[in-house]
Student: 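Below is one structure. I have some questions about it.
Because only heavy atoms are used, hydrogens play no part in the values below, and waters and symmetry mates are left out as well, while side chains stay in.
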Amino acid sequence: MSAPAPSTPTVVARPVERQEEVLTDAALAFVAALHRRFTPRRDELLALRAERRAEIARTGRIGFPAATAALREDPAWRVAPAPPALEDRRVEITGPADDRKMTINALNSGARVWLADFEDASSPTWENVIRGQLNLKDAYERRIDFTAPGGRTYALRPAEELATVVMRPRGWHLDERHLTVDGRPVPGALADFGLYFFHNAQRLLDLGKGPYFYLPKTESHLEARLWNDVFVFAQDYAGLPQGTVRATVLIETVTAAYEMEEILYELRDHASGLNAGRWDYLFSIIKNFRDAGPEFVLPDRNAVTMTAPFMRAYTELLVRTCHKRGAHAIGGMAAFIPSRRDPEVNEAALEKVRADKTREAGDGFDGSWVAHPDLVPVARACFDAVLGDRPHQKDRLREDVHVTAGQLIALNTLDARPTAAGLRNAVQVGIRYIESWLRGIGAVAIFNLMEDAATAEISRSQLWQWVNAGVVLDTGEKVTAALVREVAQEELAAAEDGSATWRQAHDLLLKAALDEEYADFLTLPAYELLD
């Protein structure tokens, strides 16, 4: 007779202080149950992603799925009404949960929602994974504080002034190698969700809120269906009413943009909205159409603004879809960050954020993201001017919006072209971000912008596409692997401080940008280098 399967995951990591508070036998048994029930279907869906990408590469096209046309045309269905804590979402602040001071500042920021991030703004070292779970647990128990080296202290404001937490687990493609079940790593999504839900769901209900989630990197309604099944199972497991969990889905892949209604439908009892994840969306477009011809070559990242016709089509379709189905439409990240030392940089950042949020509020969004507490009042003023005392503007149905499949990928409507400065910036951001990520820091200020894994993905993907498309820059130079290596060596020499991580970051960027076989996600090979 074979030995019975272990009831809990095996922990394969050096112990982190207080991890026993997170990795209880009961919590690990729940994670194991999630893994055994849902990882096989996760694997099937990742295989479907590869098939869909192959079809896009073959045809150079993508469209709204014919098989679900009746669902899109059915005017009757709606998502569940928002719970009180998610009724007003006019300003949301983002940031990793693994930093104790940032956790306190985000909760105290005056934003209605804090996206507590275990994904793109977090480097998934084992210490960060455990520390993020502990920080949220401590915050709900009001036993979190922080004293800076200079003696300044940080503590939570009264409960009624704190932001509502919406936690973002890792995407389906990422594993947590420090937790294994039956010899296989647990998907990071299930590890993050499982530990957070198990420890906090009932506690949050007692506080008048609930376990709320942002779902990243979703590529199809079938992936949303998997999440919905996870929620149903988890609520039954914990004895909680169905609909306790609420999820906002990031529409940050081009394939998901064609299935917005289907995604809301699959999650309709648990859905609370969609978010326009603009940076990952650009990465997804480049990734999926990287070899589809010159009409799909994007210019410098910073030249692709939200007023580009294909980005307008994407955001306006999102607002129309959400409001048609009774869901919140949440705007994208303002990556600009203020400077308390340079008044000129500060004013430029504030003005750009003000223009961005004014446009979003005018377009019908119900709220939007910022990356820094100083930007909360700026964004709030933009939405206050449109919403007044109303919690949202779902009554704006945007029936004037009619988006075709072609408009979502009409990249050739841009006048800007790739530049030598843009190539250098891609190399600079790529190396600097990866170096920070390898040291365990996943949200990094670079050139007055808050960078995370999504913007690093754009950088290396554009380099790959420009090399393979033989792009000619504004200087007349052709983008070649040799040119990218030359620029990367110059940037390494300028930035290097003698530590091994700079060389690792340089080498990894070149591998991800220049290898003939394109890696689906930069974080997959990078994870192998993490301690």
Student: Considering only NZ, NE, NH1 and NH2 on the basic side and carboxylate oxygens on the acidic side, decide whether Asp395 and Arg390 come within less than 4.0 Å.
Tutor: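 Looking at Asp395 and Arg390, the cut-off is met.
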
Student: Aromatic contact between Tyr196 and Phe213, with the criterion being ring centroids under 6.0 Å apart: yes or no?
Tutor: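 Judged by ring-centre distance (under 6.0 Å), Tyr196 and Phe213 do meet the cut-off.
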
Student: With rounding to the nearest 0.5 Å, note down the distance linking CG in Leu449 to CG in Asn302.
Tutor: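 Taking CG in Leu449 and CG in Asn302, the distance rounds to 6.0 Å.
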
Student: Do side-chain atoms of Asn128 reach the backbone of Asp98 as a donor and acceptor pair under 3.5 angstrom?
Tutor: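 A pair under 3.5 Å: no.
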
Student: With a 4.0 Å cut-off, would you call Glu399 and Arg320 a salt bridge?
Tutor: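 Answer for the salt bridge query: no.
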
Student: I want to check something: taking the side chain as every heavy atom from C-beta on, are Tyr212 and Ser272 in contact at a cut-off of under 4.5 Å?
Tutor: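 A side-chain contact is absent here, since even the closest heavy-atom pair is not under 4.5 Å.
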
Student: Got a sec: does the OH of Tyr140 have more than 12 other heavy atoms crowding it under 6.0 Å?
Tutor: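 Atom OH in Tyr140 is packed in, count exceeds 12.
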
Student: Could you check whether any side-chain N or O of Glu92 sits under 3.5 Å from a backbone N or O of Val370, counting only pairs where one atom can act as donor and the other as acceptor?
Tutor: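 Side chain of Glu92 to backbone of Val370, a donor-acceptor pair under 3.5 Å: no, none is there.
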
Student: Between Asn135 and Ala97, is there a donor-acceptor pair closer than 3.5 Å when you use the side chain of the first and the backbone of the second?
Tutor: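 The answer is yes, because a donor-acceptor pair under 3.5 Å joins these two groups.
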
Student: Run the salt bridge (Lys or Arg N to Asp or Glu O under 4.0 Å) test on Asp363 and Arg312 for me, step by step, so that the C-alpha distance in whole Å, both residues' side-chain angles and the decisive distance to 0.1 Å come before the verdict.
Tutor: CA-CA 10 Å; Asp363 282 349; Arg312 291 287 292 162; 2.4 Å; yes

Student: Shortest non-hydrogen contact from Val304 to Leu282?
Tutor: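 For Val304 versus Leu282, the nearest heavy atoms are CG1-CD2, 3.7 Å.
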
Student: Hey, mind stepping through Thr180 and Val186 against side chain to side chain contact (heavy atoms under 4.5 Å, CB included) and telling me if it holds?
Tutor: CA-CA 6 Å; Thr180 63; Val186 175; over 6 Å; no

Student: Run the salt-bridge test on Asp43 and Arg184 with the 4.0 Å N-O cut-off and return the result as yes or no.
Tutor: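 Looking at Asp43 and Arg184, the cut-off is met.
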
Student: So, Tyr527 versus Glu176: side-chain donor-acceptor pair below 3.5 Å or not?
Tutor: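 Indeed, the side chains of Tyr527 and Glu176 share at least one donor-acceptor pair under 3.5 Å.
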
Student: Flag the pair Tyr214 / Trp369 as yes when their ring centroid distance falls below 6.0 Å, and as no otherwise.
Tutor: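 Yes, the ring of Tyr214 comes within the 6.0 Å limit of the ring of Trp369, centre to centre.
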
Student: Is there a donor-acceptor contact under 3.5 Å from the side chain of Ser284 to the main chain of Val254?
Tutor: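 Yes; at least one donor-acceptor contact below 3.5 Å.
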
Student: If the condition is side-chain contact (heavy atoms from CB on, under 4.5 Å), which residues does Ala111 pass it with, not counting sequence neighbours?
Tutor: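 Partners of Ala111 by the side-chain contact (heavy atoms from CB on, under 4.5 Å) criterion, ordered by chain and then number, come out as Val91, Ile93, Ser109, Val376.
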
Student: Please walk me through it: do Phe118 and Gln133 pass side chain to side chain contact (heavy atoms under 4.5 Å, CB included)?
Tutor: CA-CA 9 Å; Phe118 285 71; Gln133 295 283 349; 4.0 Å; yes

Student: Is Trp172 reaching over with its side chain to a backbone N or O of Gly188, donor-acceptor style, under 3.5 angstrom?
Tutor: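 No; judged by distance alone, with no hydrogens or angles, the pair does not exist.
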
Student: Under a 4.0 Å N-O cut-off, is there an ion pair linking Lys357 with Glu360?
Tutor: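 Yes, this pair counts.
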
Student: Strictly by modelled atom types, are Thr455 and Glu451 linked by a side-chain donor-acceptor pair under 3.5 Å?
Tutor: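 Present: a donor and an acceptor within the cut-off.
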
Student: Under the rule for ring-ring contact (aromatic ring centres under 6.0 Å, His included), what residues qualify as partners of Phe64, not counting sequence neighbours?
Tutor: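 Tyr258.
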
Student: Provide the closest heavy-atom pair for Phe289 versus Ile56 in the form atom of the first, atom of the second, distance.
Tutor: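 Residues Phe289 and Ile56, closest heavy atoms: CE2-CG2, 3.6 Å.
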
Student: Who are the ring-ring contact (aromatic ring centres under 6.0 Å, His included) partners of Phe231, not counting sequence neighbours?
Tutor: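 Only Phe193, Trp227, His270 meet the ring-ring contact (aromatic ring centres under 6.0 Å, His included) criterion with Phe231.
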
Student: Which one of Arg72, His221, Arg225 satisfies the side-chain hydrogen bond (donor to acceptor under 3.5 Å, both in side chains) criterion with Glu262?
Tutor: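 Considering Arg72, His221, Arg225, a side-chain hydrogen bond (donor to acceptor under 3.5 Å, both in side chains) with Glu262 is found only for Arg72.
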
Student: Apply side-chain hydrogen bond (donor to acceptor under 3.5 Å, both in side chains) to residues Gln462 and Asp300 and explain how you reach the verdict.
Tutor: CA-CA 8 Å; Gln462 286 206 303; Asp300 305 354; over 6 Å; no

Student: Between Gln465 and Asp291, do the side chains contain an N or O donor and an N or O acceptor separated by less than 3.5 Å?
Tutor: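 No donor-acceptor contact under 3.5 Å links the two side chains.
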
Student: What are the two closest non-hydrogen atoms of Ala116 and Leu136, and how far apart are they?
Tutor: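 Minimum heavy-atom contact is CB-CD2, 4.0 Å.
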
Student: If I take atom CZ from residue Phe233 and atom CG from residue Asn228, how far apart are they, to the nearest 0.5 angstrom?
Tutor: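 Between Phe233 CZ and Asn228 CG, I get 14.0 Å after rounding to 0.5 Å.
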
Student: Test of understanding: with salt bridge (charged side-chain N to carboxylate O under 4.0 Å, His left out), list the residues that count as partners of Arg41, not counting sequence neighbours.
Tutor: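 Here the qualifying residues are Asp229.
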
Student: Applying side chain to side chain contact (heavy atoms under 4.5 Å, CB included) to Phe365 and Arg396, what does each step give before you reach the verdict?
Tutor: CA-CA 9 Å; Phe365 281 98; Arg396 279 197 68 191; over 6 Å; no

Student: Side chains of Val245 and Val232: closer than 4.5 Å at any heavy-atom pair?
Tutor: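 Not touching, per the 4.5 Å side-chain cut-off.
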
Student: Return the set of residues passing side-chain contact (heavy atoms from CB on, under 4.5 Å) with Asp400 (not counting sequence neighbours), or none when no residue passes.
Tutor: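 Listed in chain order: Arg398.
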
Student: Would you kindly check if the NZ (Lys) or CZ (Arg) of Arg460 is within the cone defined by 45 degrees around the ring axis of Tyr518 and under 6.0 Å from the six-membered ring centre?
Tutor: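 Checked: cation-pi criterion met.
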
Student: Any idea which heavy atoms bring Ala85 and Thr164 closest together, and the distance?
Tutor: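 Looking at all heavy atoms of both residues, the shortest contact is O-OG1, 3.5 Å.
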
Student: Report, as yes or no, whether the 6.0 Å neighbourhood of atom CZ on Arg203 holds more than 12 heavy atoms from other residues, nucleotides or ligands.
Tutor: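 Enclosed: over 12 neighbouring heavy atoms sit under 6.0 Å from CZ of Arg203.
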
Student: Show the nearest heavy-atom pair for residues Phe197 and Ala234, with the distance to one decimal.
Tutor: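 Smallest heavy-atom distance, with atoms named: CE2-O, 3.4 Å.
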
Student: Quick check: does any side chain N or O of Arg301 sit under 3.5 Å from a backbone N or O of Ser459, one acting as donor and the other as acceptor?
Tutor: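 Such a contact is absent between Arg301 side chain and Ser459 backbone.
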
Student: Closer than 3.5 angstrom, by distance alone: can the side chain of Glu266 be matched with the main-chain N or O of Leu222 as a donor-acceptor pair?
Tutor: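 Checked: no pair found.
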
Student: Taking Arg90 for the side chain and Leu387 for the main chain, is one N or O donor matched with an acceptor at less than 3.5 Å?
Tutor: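 Answer holds: no.
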
Student: Could you walk me through whether Ile62 and Asn288 pass side chain to side chain contact (heavy atoms under 4.5 Å, CB included), step by step?
Tutor: CA-CA 10 Å; Ile62 189 171; Asn288 279 285; over 6 Å; no

Student: Please collect all ring-ring contact (aromatic ring centres under 6.0 Å, His included) contacts where either partner lies in residues 304-325, sequence neighbours excluded, each pair once.
Tutor: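 Counting only pairs at least two positions apart or across chains, the ring-ring contact (aromatic ring centres under 6.0 Å, His included) contacts touching residues 304-325 are Tyr281-Tyr314.
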
Student: Looking only at side chains, do Thr305 and Thr307 share a donor and an acceptor under 3.5 Å apart?
Tutor: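 Result is yes, a qualifying pair exists.
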
Student: With the threshold set at 4.0 Å, does a side-chain nitrogen-carboxylate oxygen contact exist between Arg49 and Glu55?
Tutor: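 No, no charged N to carboxylate O under 4.0 Å.
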
Student: I'd like to know if the side chain of Asp366 reaches the main chain of Ala329, judged simply by a donor and an acceptor atom lying under 3.5 Å from each other, with no hydrogens or angles considered.
Tutor: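 Yes, because the side chain of Asp366 sits within donor-acceptor range (under 3.5 Å) of the backbone of Ala329.
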
Student: Have a look at Thr248 and tell me which of His328, Arg168, Arg89 forms a side-chain contact (heavy atoms from CB on, under 4.5 Å) with it.
Tutor: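 Testing Thr248 for a side-chain contact (heavy atoms from CB on, under 4.5 Å) against His328, Arg168, Arg89 leaves exactly one candidate, Arg89.
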
Student: Hey, does the side chain of Tyr433 reach the backbone of Ala453 with a donor-acceptor pair shorter than 3.5 angstrom?
Tutor: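 Pair found, side chain donor or acceptor close to backbone of Ala453.
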
Student: As a test of understanding, state which of Val79, Thr218, Leu264 forms a side-chain contact (heavy atoms from CB on, under 4.5 Å) with Leu274.
Tutor: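 That would be Leu264; it is the only one of Val79, Thr218, Leu264 passing the side-chain contact (heavy atoms from CB on, under 4.5 Å) with Leu274.
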
Student: Are Arg268 and Trp77 in a cation-pi contact, defined as NZ or CZ under 6.0 Å from the six-membered ring centre and within 45° of the axis?
Tutor: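 Not flagged: Arg268 not positioned over aromatic ring of Trp77.
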
Student: Name the one of Glu119, Glu223, Arg170 that satisfies side-chain contact (heavy atoms from CB on, under 4.5 Å) with Lys217?
Tutor: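 The passing option is Glu119.
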
Student: If every non-hydrogen atom of Val353 is compared with every non-hydrogen atom of Ala334, which pair is closest and at what distance?
Tutor: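 Minimum heavy-atom separation between Val353 and Ala334: CG2-CB, 3.9 Å.
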
Student: As a test of understanding, state which of Val166, Leu86, Asp269 forms a side-chain contact (heavy atoms from CB on, under 4.5 Å) with Arg246.
Tutor: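 The passing option is Leu86.
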
